[in-house]
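What follows is one structure encoded as structure tokens, with my remarks underneath.
In what follows, every heavy atom counts, from backbone to side chain, and hydrogens, waters and symmetry copies are set aside. Naming: A, B, ... by sequence-line order, numbering from 1 per chain. These numbers come from a predicted model, not from an experiment.
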Amino acid sequence: MDELGKSEAALVAARRDNLAALRSRGNDPFAQTRYPVDASANELLARYGFLEVGQHAESENWYVAGRLMSKRTMGKTIFADLHDRTGRLQCYIRKDEIGDEAFADWEDLDRGDLVGVHGFMFRSKKGDLTLHVLKFAVLGKALMPLPDKWHGLQDVEKRYRQRYVDLIVNPEVRDAMIMRSRIIAETRRFIDARGFYEVETPTLLHVAGGASARPFLTHVNALSGEQMQLRIATELNLKRLIVGGMERVYEIGRIFRNEGIDTTHNPEFTMLELYAAYWNMLDMLDFNEALIAHLAGVVSGGGTDLQIGERTISFARPFARIGYLEGIAKYSDGRFTRERLLDPEGASAILRELGLPDSPTHGHALDKIFERVLEPHLIQPTFVTDYPVVISPLAKRKAGDPELVDRYELFCNTMEISNAFTELNDPDDQRSRFEAQIEERAKGDDEVPEPDWDFVRALEYGMPPTAGIGIGIDRLVMLLTNNTSIRDVLLFPLQRQHG
RNA sequence: GCGCCUUUAGCUCAGUCGGUAGAGCAGCGGACUUUUAAUCCGUUGGUCCUGGGUUCGAGUCCCAGAGGGCGCACCA
């Protein structure tokens with residue numbers, strides 16, 4: 001535990017004195033076990049909206065519990081604000097009703113204490129719906145002083161390191177996290193309703209594949225210290241399940257990538273991957289569009305538009321579509337043609353024209369060109385389709401155009417939201433693409449994973465035609481909740497130790 | 001990894017030209033029976049992120065380091 005400063009220690013000591021005073025009157029906050037809560041703050045505000053100033057609903061009594069966030073003492077009466085998970089409820093306490101001892105208890109309560117109150121609703125002189133307290137119990141004591149009641153907690157570092165304090169005093173943080181929970185719950189409902197099985201595949205793998213990123217390494221004591229890797233994707237195991245005949249599977253799981261940390265990257269993040277046998281990329285696109293439109297409806301309260309930063313983004317279907325190569329050609333005034341892009345030398349030349357540094361591989365060069373030329377224009381939800389095969393090692397080739405694959409990515413507000421393709425199910429093609437990756441590793445791209453040869457063997461048992469999708473949940477929540485940093489949608493973003 | 005910004009009371013923030021530390025809130029004492037950032041009177045509280053240096057004198061200037069934020073690079 002950190003050392004307290006002198007001033008802070010005095011504040012804690014004062015709270016301990018109040019705790020001792022409560023206990024001396026037989027009211028030990030930490031001895032309580034339950035409270036018969038039968039209403040929440042917002043429920044009561046909604047239910048008694050009809051009350052007029054001065055009107056009381058004395059015939060109905062309620063139990064509410066929450067954290068004391070504000071206390072206004074005026075001699076023989078007290079007004080206090082209680083916060084629960086739904087919102088704020090004002091309470092009104094009279095000394096002549098609850099008695100001297102109980103009133104002394106209220107006077108000894110500190111901001112942050114947990115209190116259960118019992119009473120009836122009325123509308124105060126100033127028009128605020130208020131609970132008139134008849135009985136109460138102190139359910140917990142805050143020994144630490146809370147941040148400023150008006151400004152909340154602003155110190156970003158402290159907000160992340162002590163998220164519990166952030167959640168107590170900054171309601172918008174709580175709202176964003178609750179919205180994240182709702183988005184994930186709605187996503188599950190939407191998928192489950194379409195006959196998918198939610199599955200869980202291992203996090204510890206001997207070979208972390210299915211994406212290109214540096215993995216975290218660890219050791220398994222029970223296996224003589226054998227080295228293992230934390231997964232960087234769930235893709236290959238989910239496709240093994242498709243081979244096994246489960247046909248429609250998904251996993252919402254934590255993925256680990258040992259890469260940089262910034263406003264859109266956290267070393268551990270949440271990914272939805274979903275696979276459907278007998279679907280192709282267009283079926284998946286339709287599903288994807290319906291899901292995102294549905295979630296935008298949930299967040300916007302039934303609408304199609306969301307205010308994201310300074311822009312209004314419309315999630316009305318259908319979303320825009322543009323070909324990968326066509327898009328780059330369009331936003332380069334036709335200079336960066338398909339022929340140039342698909343030729344490694346041509347792509348290198350484009351990099352030079354754009355003033356970008358040389359890339360180690362053709363695929364890397366294409367990514368850089370895409371990011372510079374097309375991505376900045378992808379504000380409204382847009383499906384980018386028909387990716388080159390060189391940057392899509394696990395996707396099936398497009399019929400009649402073997403340099404491209406049946407793949408799309410959904411972009412919104414210039415951020416990649418999802419990545420989907422018709423899965424490669426030809427084991428011979430898969431083997432040769434893994435062999436190509438070995439060469440890329442040899443060229444020094446150490447983010448290219450080691451091949452997973454058992455996955456090739458699985459394909460040799462026969463995988464039906466299948467479409468798959470990956471959706472970065474954190475970025476999706478960022479988009480839908482209008483947050484610009486991934487840390488604002490993660491409860492506990494990774495921070496360096498100490499502080 | 002590079003650049004810019006930032007770190008002062010429990011919280012939110014001031015701090016001028018280098019002259020010995022300020023406010024509001026919270027806390028503490030008092031007044032107050034419909035307040036809501038309650039109000040009014042009084043009052044406590046400081047490792048100025050750390051370590052060096054310059055100087056008669058450093059919160060302030062210089063160097064190094066730490067934490068954090070943003071941008072770049074990296075990262076499907």
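A:R72 has no side-chain polar atom (N or O) that falls below the 4.0 Å cut-off from OP1 or OP2 of B:U39. Considering only side-chain N and O atoms, A:N18 lies nowhere under 4.0 angstrom from the phosphate OP1 or OP2 of B:G27. Phosphate proximity of B:C74 to A:K368: present, with a side-chain N or O under 4.0 Å from OP1 or OP2. For A:K6 and B:U44, the shortest distance from a side-chain N or O to OP1 or OP2 is not below 4.0 Å. Within the 4.0 Å cut-off from OP1 or OP2 of B:C70, at least one side-chain nitrogen or oxygen of A:R487 is found. When the side-chain nitrogen and oxygen atoms of A:Q495 are compared with OP1 and OP2 of B:G69, one or more of them lie within a distance under 4.0 Å.
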Given side chain to side chain donor-acceptor pair (under 3.5 Å), test A:N237 with A:R240 step by step and report yes or no.
CA-CA 5 Å; A:N237 272 333; A:R240 284 180 169 96; 3.1 Å; yes
Would A:E157 and A:R161 count as a salt bridge (Lys or Arg N to Asp or Glu O under 4.0 Å) here? Give the steps.
CA-CA 6 Å; A:E157 181 179 355; A:R161 288 188 192 275; 3.1 Å; yes
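Residue A:T263 places its side chain closer to B:C70 than to any other of B:G69, B:C70, B:U35. Distances from the side chain of A:E8 to the nucleotides B:C28, B:G10, B:U34 place B:G10 closest. In this structure, the nucleotide among B:A37, B:G10, B:G67 sitting nearest to the side chain of A:R496 is B:G67. Listed nucleotides: B:G10, B:U34, B:A76. Nearest to the side chain of A:H56: B:U34. Set against B:A26, B:A9, B:A76, the side chain of A:S7 has B:A9 as its closest nucleotide. Of the candidates B:A76, B:U12, B:G68, B:U12 carries the atom nearest the A:H151 side chain, counting heavy atoms from C-beta on. When distances are taken from the side chain of A:D155 to each of B:U12, B:U35, B:G27, the shortest belongs to B:U12. Checked against B:U34, B:C74, B:C25, the side chain of A:K149 finds its nearest nucleotide in B:C25. Distance from the side chain of A:T73 is smallest to B:C32 among B:U34, B:C11, B:C32. Out of B:C74, B:U35, B:G46, the shortest distance to the side chain of A:F79 is found at B:U35.
There is no side-chain donor-acceptor pair under 3.5 Å between A:T130 and A:D128.
In this structure, CG of A:D166 is placed 15 Å from C1' of B:U12, rounded to the nearest angstrom. Rounded to an integer number of Å, the gap from A:L11 CG to B:C11 P is 10 Å. Summarising the geometry, the separation between CG on A:N483 and P on B:C70 is reported as 12 Å, rounded to the nearest angstrom. Atom P of nucleotide B:G27 and atom CG of A:D108 are separated by 12 Å, given to the nearest angstrom. Atom CD1 of A:I261 and atom C1' of B:C72 are 16 Å apart (whole Å). Distance OH (A:Y160) to C1' (B:C70): 11 Å, rounded to an integer number of Å. Distance, A:D113 CG to B:G27 C1': 14 Å, rounded to whole Å. The CG-P distance, from A:D262 to B:C72, rounds to 9 Å in whole Å.
Interatomic distance, CG of A:D474 versus CG of A:D488, reported as 12.0 Å (0.5 Å rounding).
Residue-level contact check: A:P393 touches the bases, meaning some heavy atom is under 4.0 Å from a base atom. Nucleic acid contact for A:F103: none, since no nucleic acid atom lies under 4.0 Å from a heavy atom of the residue. Nucleic acid contact class of A:Q154 (heavy atoms, under 4.0 Å, all strands): sugar-phosphate only. As judged by a 4.0 angstrom heavy-atom cut-off over every strand, A:K126 is placed among the base-contacting residues. Residue contacts shown for A:I78 are absent, as no nucleic acid heavy atom lies under 4.0 Å away. Within the nucleic acid shown, A:G470 has no heavy atom closer than 4.0 Å to any nucleic acid atom.
A 3.5 Å limit on both hydrogen-bonding distances identifies B:G71 as the Watson-Crick or G-U partner of B:C2. Remark: B:G29 base-pairs with B:C41; criterion is Watson-Crick or G-U wobble with both hydrogen-bond distances under 3.5 Å. Nucleotide B:A66 forms a pair with B:U7, judged by Watson-Crick or G-U wobble geometry with both contacts under 3.5 Å. Partner assigned to B:C61 is B:G53, using Watson-Crick or G-U wobble distances below 3.5 angstrom.
Rounded to a whole angstrom, the distance from the P atom of B:C11 to that of B:C17 is 28 Å. Atom name C1', nucleotides B:U43 and B:C25: the rounded distance is 15 Å, in whole Å.
Under a cutoff of 6.0 Å and an axis angle of 45°, A:R407 and A:Y387 form a cation-pi pair.
Each of A:D110 and A:A80 was assigned the nucleotide of RNA chain B with the nearest heavy atom; the assignment lying further toward the 5' end belongs to A:D110. Take the nearest nucleotide of RNA chain B for A:P147 and for A:T130: the residue whose nucleotide is more 5' is A:P147.
The base of B:U7 does not come close enough to the side chain of A:E157 for any donor and acceptor atom to sit less than 3.5 Å apart. Judged by distance alone with a 3.5 Å cut-off, no donor-acceptor contact links the side chain of A:T77 to the base of B:U34. Side-chain atoms of A:D148 and base atoms of B:G24 include a donor and an acceptor less than 3.5 Å apart.
With A:C412 as the partner, the side chain to side chain contact (heavy atoms under 4.5 Å, CB included) test is satisfied by one option alone out of A:L480, A:I308, A:L476, A:I417: A:I417.
Aromatic pair A:F383/A:F411: ring centres not closer than 6.0 Å.
A:R397 places no side-chain N or O within donor-acceptor distance of the main-chain N or O of A:V405, the cut-off being under 3.5 Å.
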